[in-house]
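Numbering of residues begins at 1 and proceeds along the displayed sequence.
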Amino acid sequence: MRDRNFLVENNAKPIWHPMAHPAEMRAQPPRIVMKGEGVEVTDIDGKTVIDAVGGLWNVNLGYSCDPIKQAIADQLSALPYYSGFRGTSSGPSIELAYELTEWFKPEGMVRAFFTSGGSDSVETALRLARQYWKIKGQADRTKFLALKKGYHGTHFGGASVNGNANFRRNYEPMLPGVFHIPAPSTYRNPFNETDPAKLAQLCGATMEEEIAFQGADTIAALIMEPVLGAGGVIVPPDSFMKLAREICNRHGILMIADEVVTGFGRTGAWSGSRLWGVKPDMMTMAKAITSGYFPLGATLIGEQVAEAFEADTTTFGSIGHGYTYSGHPVGCAAGLAALAETRRLKLDENAAARGEDLARALAALKAKHALVGDVRGKGLMAALELVADRDSKKAADKKTMAKVADAAYEAGVMLRVSGNNLILSPPLILTSADVRRIAEGIDAGLSATG
């Protein structure tokens with residue numbers, strides 16, 4: 001690698017960063033992360049901080065998981081790549097598909113389609129949903145329902161079902177036939193309702209109304225995150241996902257659970273669907289499937305959908321979709337090692353326990369700092385929503401958010417800013433001592449605003 005001066009000089013110049021304005025990055029170059037160990041990362045100046053972002057929701061096993069690194073090295077020596085297109089397969093892809101269907105058998109998953117990441121997995125699920133209805137002779141079922149504030153990646157299909165204008169406005173027109181219902185957020189919702197059970201019913205009624213207006217026989221699927229992540233870690237009422245499943249069943253609509261963030265333990269359960277007691281028709285996976293060590297994703301398929309495809313005798317059942325790196329042998333080897341460690345370390349149980357520690361710590365910060373309007377989370381995914389005024393819920397401005405994040409970094413904690421939210425998604429190997437360090441860093445960040 002070239003020396004420090006070269007990296008600093010060229011930072012944010014030949015590279016455009018995702019989710020950032022190129023001019024802003026050039027004016028204020030991003031931090032250069034050079035090393036990771038355990039739950040910490042070290043920047044180019046040698047400053048080490050605890051990573052409360054977990055890479056990007058995905059480094060569940062931290063940065064020192066030797067079994068994954070060894071599995072990658074061994075597979076590179078044996079077979080660095082081969083196509084998973086029709087006619088060929090690889091040992092690791094066969095084994096990982098088996099492991100995934102066994103892991104998510106309680107959710108009703110029976111097949112796996114491999115992708116390169118979360119956006120790919122969502123795109124696959126949306127396409128398979130439309131194709132399913134063509135197989136079933138209901139070709140009018142092309143529309144999708146989704147939640148406002150939901151996030152489903154960056155492909156045109158995923159961006160279209162996204163419920164946040166930040167990911168849509170500059171790329172419109174989007175995919176036609178996508179309709180959004182209010183997010184079940186007790187802090188901000190159009191009904192001004194704070195009671196979780198009542199809010200679930202109101203959002204469910206809105207969904208029913210939209211289905212009636214569109215015509216149930218024109219809707220292919222509802223896609224939703226069991227806990228909304230990038231939209232601000234919105235934890236729905238306990239009854240909401242089950243209610244949504246019941247509504248889908250009543251109208252013959254498929255349910256796609258976007259588990260890219262919530263899969264493999266982050267909420268304190270192995271999936272968000274399992275957390276809420278729901279069996280979806282498809283699930284999208286990525287991120288923690290390799291703990292971020294290799295780009296890999298999967299769309300998992302339930303029995304009803306699988307049977308329709310596999311029993312088809314027409315051309316409608318032929319899958320004309322896939323990626324060069326679907327079932328990449330190195331990625332699948334990394335996935336097998338990651339899942340083995342995830343299970344061995346019981347990361348779901350640790351996420352649940354440390355999530356309770358984190359919730360208490362964040363509640364104390366809310367009591368101390370008027371800047372914190374709301375605290376919410378489930379397991380080890382959490383958010384602090386910062387406001388200029390608690391009564392009006394006016395969002396804190398961009399300058400304030402940057403000041404908090406910068407001060408927290410100086411105090412030893414890497415945070416992620418999303419709008420007026422501080423997003424927390426640390427590695428699931430976190431200890432109670434790590435939680436205290438994160439809370440102390442956020443406290444320093446909030447205090448820096450005066």
Side-chain angles (χ1 to χ4, degrees), residues 58 60 68 71 75 84-86 88-118 120-129 131-132 135 221 223 226 245 254-267 269-291 294-312 317 319 321-323 325-344 346-348:
N58 58 343
N60 286 13
I68 305 178
Q75 187 59 44
F85 275 34
R86 181 177 56 189
T88 54
S89 192
S90 69
S93 66
I94 296 169
E95 189 176 352
L96 183 57
Y98 175 83
E99 291 292 336
L100 288 171
T101 53
E102 286 295 302
W103 194 300
F104 296 108
K105 188 175 287 185
E107 288 82 352
M109 299 297 106
V110 298
R111 301 290 185 268
F113 186 99
F114 287 115
T115 72
S116 302
D120 288 350
S121 297
V122 168
E123 195 76 7
T124 298
L126 296 176
R127 296 186 73 177
L128 292 180
Q131 188 174 359
Y132 168 83
I135 294 170
I223 184 169
R245 172 78 271 190
L254 297 178
M255 172 181 271
I256 302 167
D258 187 341
E259 301 266 9
V260 169
V261 167
T262 52
F264 304 106
R266 182 157 292 282
T267 66
W270 285 134
S271 76
S273 298
R274 196 177 304 186
L275 176 74
W276 303 126
V278 169
K279 289 187 177 182
D281 296 292
M282 286 186 273
M283 298 167 68
T284 60
M285 294 285 173
K287 294 194 184 293
I289 198 170
T290 65
S291 195
F294 196 95
L296 186 75
T299 302
L300 304 184
I301 299 146
E303 190 169 1
Q304 174 182 317
V305 176
E307 284 181 355
F309 276 81
E310 293 173 7
D312 178 70
I319 298 173
H321 169 77
Y323 306 97
Y325 300 112
S326 292
H328 195 296
V330 178
C332 290
L336 287 166
L339 296 195
E341 283 297 283
T342 296
R343 191 185 299 278
R344 183 183 72 82
K346 299 178 180 179
L347 292 191
D348 58 335

Side-chain atoms of residues 329-341: list all donor-acceptor pairs with protein atoms under 3.5 Å, sequence neighbours left out, distances to 0.1 Å.
unit_1: Glu341; atom_1: OE1; unit_2: Arg344; atom_2: NH2; d: 3.0
unit_1: Glu341; atom_1: OE2; unit_2: Arg344; atom_2: NE; d: 3.0

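- Contact record, Val305 with Leu254: CG2-CD2, 4.2 Å, taken as the closest heavy-atom pair.
- Remark: Ser93 engages Ser89, Ser90 in a side-chain hydrogen bond (donor to acceptor under 3.5 Å, both in side chains) (not counting sequence neighbours).
- In terms of the salt bridge (Lys or Arg N to Asp or Glu O under 4.0 Å) criterion, Glu99 has no residue partners (sequence neighbours excluded).
- Taking both residues in full, the closest heavy atoms of Gly272 and Glu259 are given as N-OE1, 2.8 Å, listed atom of the first, atom of the second, then distance.
- Every residue meeting the ring pair (Phe, Tyr, Trp, His ring centres under 6.0 Å) condition with Tyr325, not counting sequence neighbours, appears here in chain and number order: Tyr81, His328.
- Using modelled atom types and a 3.5 Å distance limit, the side chains of Glu107 and Ser273 yield no donor-acceptor pair.
- Listed by first and then second residue, the side-chain hydrogen bond (donor to acceptor under 3.5 Å, both in side chains) pairs that reach into residues 278-288 are Arg245-Asp281, Asp258-Thr284, sequence neighbours excluded.
- Annotation: side-chain hydrogen bond (donor to acceptor under 3.5 Å, both in side chains) contacts of Ser291 (sequence neighbours excluded): none.
- Residue Thr290 holds its OG1 atom at 6.0 Å from CG of Leu296, rounded to the nearest 0.5 Å.
- Taking both residues in full, the closest heavy atoms of Ala288 and Asn60 are given as CB-ND2, 3.1 Å, listed atom of the first, atom of the second, then distance.
- Taking the side chain as every heavy atom from C-beta outward, Ile94 and Tyr98 never approach each other to under 4.5 Å.
- Of all heavy-atom pairs between Thr299 and Met282, the closest is CG2-SD, 4.4 Å.
- For the pair Phe114 and Ala97, the tightest heavy-atom approach, listed with the atom from each and the gap, is CZ-N, 3.6 Å.
- Residues passing the ring pair (Phe, Tyr, Trp, His ring centres under 6.0 Å) test with Phe264, sequence neighbours excluded: Trp103, Phe104.
- Shown here for Phe113 and Ser326, the closest heavy-atom pair between the two residues is CE2-OG, 4.4 Å.
- Scanning for side-chain hydrogen bond (donor to acceptor under 3.5 Å, both in side chains) contacts around Arg127 gives His321, with sequence neighbours left out.
- Not one N or O on the side chain of Thr101 forms a donor-acceptor pair closer than 3.5 Å with the backbone of Met109.
- At a threshold of 4.5 Å between non-hydrogen side-chain atoms, the residues Ile289 and Leu100 count as touching.
- Here CG of Leu300 is found 12.5 Å from CD1 of Ile256. Values are rounded to the nearest 0.5 Å.
- Within the 4.5 Å cutoff, the side chain of Gln75 has no heavy atoms near those of the Phe294 side chain.
- Using a 4.5 Å heavy-atom cutoff, the side chains of Leu128 and Phe309 are in contact.
- Using a 4.5 Å heavy-atom cutoff, the side chains of Glu123 and Thr115 are not in contact.
- Applying the salt bridge (Lys or Arg N to Asp or Glu O under 4.0 Å) test to every pair with at least one member in residues 300-311, sequence neighbours left out, gives these pairs: Arg111-Glu310.
- Scanning for side-chain hydrogen bond (donor to acceptor under 3.5 Å, both in side chains) contacts around Thr267 gives an empty result, with sequence neighbours left out.
- Leu275 is not listed as a side-chain neighbour of Thr262, based on a closest heavy-atom distance of 4.5 Å or more.
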